Amino acid sequence: MLPIVKYLWLIPALPLLAAGLAALLKKERRASAATLAIGSMSISFLLALAAFLPTLSHGEHGVFRECFNFTWFEFADNTFQSASTVQLGWVLDPLTAMMLVMVTFVGLLIFIYSVGYMAHDENFTRFFCFLALFAAAMLGIVIANSLLLLFISWELVGLASYLLIGFWYHKPSAAAAAKKAFITTRVGDMGFLLGMLWLYSKTGTLLFYDGGNGCLEQSALIKLVAETTMCGMAISTAISILIFCGAAGKSGQVPLHVWLPDAMEGPTPVSALIHAATMVAAGVFLMARIYPLLSASADPATISTGLKVVAWVGSITAVFAACIAVAQNDIKRILAYSTVSQLGYMMLGLGVGGVAVGMFHLITHAFFKALLFLGSGSVIHGCHEEQDIRKMGGLRILMPITFATYAIGMLALCGFPLLFSGFWSKDEILASAHHWQISQIPFYLGVIGAFLTAFYMTRQMFYVFFGSPTVSPAAVADTKAKHSHNPHSSHSHEPATSIHESPPVMTMPLVILAVFAVLLGLIGTPAWPWFHGYLAGHSPKVDLGKLAEDAGLMLVSAVVVFTAMGLSWLVYSKVTLQKSREVDPLEKAQPFFWRLLANKFYIDELYEVTIIRLNKAFSVLSDWLDRTFWTGVVTMISHLTVGLSWLSRKIDEDLVNGGFDHGCDGLRESSRNLSKAQNGQTQFYFRVLGIAFVALVLALIWRAK
């Protein structure tokens, strides 16, 4: 075993230690908190690189994989007629190594960016404590070789996201968003927990890989596929769908997507961390990790039901969220719904193409979406907390670095042909969906989603960066006045001046992410699919002919992107020249559909009048039952108990004890009287004999008469 495998735990442990130390620091120790968080993340990144290098070579069976497992505790197991052990462990394979490098690198850039963005926040120290805790939990998910260890880290991610989304807890909207995120993801996690327990009951282990005895290895999969539920579904499929519920919650899939856009209430670095490399990616990573279970089928030629569910949910989510993004005006909410849509693409890729297809888009998306969120933070910072894109404009001249890097991220997200990473990862998903033997509908949904993505991102670019600035000094002063009463605002101490470029500590991470948003696509082109070979454990060869095979689909994708961008240009290029941008051209043309999209298909309202209202009604009923029925029942039982105890005391004291005491007294008196007849005095005995003799004589005389 390689030494790095044994000490892989250090990668999440270092940020966890930094979080613990930062929690002990005083509020004034800002530099110490930032140094601890950034320093620990830097070392974790170097360790991740050290772990990545061995995975470039191939193992005995193609894919490099080494595990370190240990016993956590033992207990008696009646099911397996023996003492069972609960084991934890970590695994190093290409999937782990690739995610470790991505999470630590993107996370490190976000940490550095946060130094500038949160510079004036009075809770700066607490913020970096929460960031480090979040990173540690996510890295724990990545290295886990046990579904139990993964679940523990999974819940820590939920806790950290709650703390970060609600970081500005003085804002009611932030507090509500934090609770919404925490509760909604718990709904999915309930399915995850049930699936995990079911898996353990059937296999006796939660280790993924354990020398052939793991729950993802052949012996366990054969057993799980062979057994069926009452509905005739294979147990492997039922378990994987339950686990997918947890993944759908974390990754914002329909219908558990409602928390993710509201998570924008947290600071922008939090949005970048949650929506790019960490929390939302955890669901996709989980499904990639359990892919052997997800794809298991009794007939190898048949696509499992689990994969079908993932593909359909992903394709629906991709279009659903993209439609909503078209009608949003908050710069961060547009990106949030874009994230939901792109997560749908990742799930679609997993369902129709396999691990490499879905994970390739996850990696490219992590970089260009982190770039876009950090870029939006730079815009908000430069516009003094303004987030409404209709109140921006002309920033390409005032914020040139932000504009250039944001444009690169936007083109990567749109899938601009050939030059950007998003094109290659998105097109591979569409190609896999096109060849999916079950249905072509997910492919067409994917194409529609790609069209809408290019449309709404071009719309956003025109509103924010083109035309003339609409954030006037008076508007800036008004915005500052709104935030002046808030001591927690990240820029409350910043003077109300004109729009400005962000400081280098914020722009340098943008430049680095922009470079990767362009270059990462080179590792997954059809001509040289290095990424796919890396995950599969073989060395791909350069084959330019593959480009010709996919040329038709690539042309369709390019036409879709150019058409959407051109249409958006026709609609919004004139809007940027207008002084008033309050009414969107699409809103003017189709007010009904615009309201439908702007209000997110009224899903939140639907939940409010159904699930939430039912839950409230049930809580009111429970309260009434508790206060009236159950309280009355408990009171009656208590009075009955008191009455029975009084009766028992009476019976015990008066009947049982009284009768026993009376009997004892009679016996004692009889004994006392009898004892007088045996006092040991001879004269008394003669006297008794004399009296008895006289009585006997008298009785004989009377009888003789």
Side-chain angles (χ1 to χ4, degrees), residues 105-119 261 263-264 266-278 280 325 328-339 342 364-389 391-416 420-422 453-454 456-466 469 471 490-491 499-520:
F105 183 60
V106 176
L108 176 61
L109 293 177
I110 294 173
F111 280 28
I112 295 171
Y113 176 95
S114 301
V115 173
Y117 191 87
M118 302 295 291
M264 296 297 98
T268 299
V270 173
S271 303
L273 200 63
I274 288 177
H275 290 74
T278 52
V280 295
Q328 300 302 307
N329 295 314
D330 186 300
I331 186 172
K332 288 171 65 177
R333 280 189 175 269
I334 294 172
L335 297 178
Y337 280 106
S338 170
T339 299
Q342 296 304 308
T364 59
H365 176 267
F367 284 89
F368 63 69
K369 186 53 65 70
L371 170 60
L372 288 170
F373 269 111
L374 296 184
S376 71
S378 180
V379 169
I380 295 168
H381 178 274
C383 294
H384 306 283
E385 304 301 311
E386 184 57 68
Q387 295 186 204
D388 193 331
I389 61 174
K391 298 179 181 179
M392 300 177 184
L395 300 186
R396 71 185 188 282
I397 298 174
L398 301 173
M399 306 180 70
I401 299 176
T402 300
F403 166 67
T405 54
Y406 200 93
I408 291 173
M410 168 262 183
L411 292 172
L413 175 58
C414 294
F416 194 87
F420 298 93
S421 59
T453 301
Y456 67 69
M457 287 306 298
T458 305
R459 168 182 179 263
Q460 187 192 63
M461 288 294 294
F462 272 109
Y463 267 121
V464 176
F465 293 103
F466 291 88
V471 184
S490 60
H491 309 298
I499 300 171
H500 58 84
E501 181 62 274
S502 299
V505 71
M506 294 173 63
T507 55
M508 284 308 298
L510 298 181
V511 173
I512 296 171
L513 288 169
V515 172
F516 281 92
V518 176
L519 298 180
L520 267 181

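Everything numeric here is computed off the predicted structure, so don't read it as measured data. Index from 1, following the sequence.
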- Query: Any donor and acceptor pair, going by atom type alone, linking the side chain of Thr453 with main-chain N or O of Cys414 inside 3.5 Å?
  - Reply: no
- Could you grab the distance from atom CG of Leu372 to atom OG1 of Thr405, nearest 0.5 Å is fine? 9.0 Å
- Query: Between Ala412 and Phe420, which heavy-atom pair has the shortest distance, and what is it?
  - Reply: CA-CB, 3.7 Å
- Message: Just so I know, are the side chains of Ile110 and Phe373 near enough to count as touching, which here means a heavy-atom distance under 4.5 Å?
- Response: no
- Do Met461 and Tyr406 have side-chain heavy atoms sitting under 4.5 Å apart? yes
- Task: Identify the two heavy atoms, one from Val106 and one from Ala370, that lie closest to each other, and give their separation to 0.1 Å.
- Result: CG1-CB, 3.8 Å
- Message: Are His381 and Thr268 packed together at the side-chain level, in the sense that at least one heavy-atom pair is separated by less than 4.5 angstrom?
- Response: no
- Do the non-hydrogen side-chain atoms of Met410 and Thr458 ever get within less than 4.5 Å of each other? yes
- Closest approach of Met506 to Gly116 (non-hydrogen atoms, all atoms of both residues): SD-C, 3.9 Å
- Between Cys383 and the options Leu395, Leu398, Asp388, the side-chain contact (heavy atoms from CB on, under 4.5 Å) test singles out Leu395
- Taking it one step at a time, do Thr402 and Ser378 satisfy side-chain hydrogen bond (donor to acceptor under 3.5 Å, both in side chains)? CA-CA 7 Å; Thr402 300; Ser378 180; 2.7 Å; yes
- Message: Over 60° means perpendicular and under 30° means parallel, so tell me whether Phe462 and Phe466 are parallel, tilted or perpendicular.
- Response: tilted
- Item | Which residues share a ring-ring contact (aromatic ring centres under 6.0 Å, His included) with Tyr337, sequence neighbours left out | none
- Query: Out of curiosity, Leu510 CG to Leu109 CG, how far, rounded to the nearest 0.5 Å?
  - Reply: 9.5 Å
- Do Leu335 and Met264 come close enough that some side-chain heavy atom pair is under 4.5 Å? no
- Query: What pair of heavy atoms forms the shortest contact from Pro269 to Tyr117, and how long is it?
  - Reply: CD-CD2, 3.5 Å
- Under 3.5 Å: donor-acceptor pair, side chain of Gln387, backbone of Lys332: no
- Message: Within this structure, what is the CE-CG distance for the pair Met457 and Leu413, rounded to the nearest 0.5 Å?
- Response: 5.0 Å
- Query: Are any side-chain N or O atoms of Tyr113 and backbone N or O atoms of Leu374, one a donor and one an acceptor, separated by less than 3.5 Å?
  - Reply: yes
- Note on the structure: All heavy atoms of Ala336 vs all of Pro261, minimum pair found to be CB-CA, 3.8 Å
- Are the side chains of His365 and Thr339 in touch, meaning some heavy atoms are under 4.5 Å apart? yes
- Parallel under 30°, tilted from 30 to 60°, perpendicular over 60°: which one fits the rings of Phe367 and Phe105? tilted
- Query: What distance do Phe465 atom CZ and Met392 atom CE have between them, rounded to the nearest 0.5 Å?
  - Reply: 8.5 Å
- Item | Separation between CZ of Arg333 and OG of Ser376, rounded to the nearest 0.5 Å | 13.0 Å
- Query: If you measure from CD1 on Ile512 to CD1 on Ile112, what distance do you get to the nearest 0.5 Å?
  - Reply: 7.0 Å
- Item | Tyr463 side chain near Ile331 side chain, heavy-atom distance below 4.5 Å | no
- Message: Testing Pro503, Pro509, Ser502 one by one against Val505 for a side-chain contact (heavy atoms from CB on, under 4.5 Å), which residue passes?
- Response: Pro503
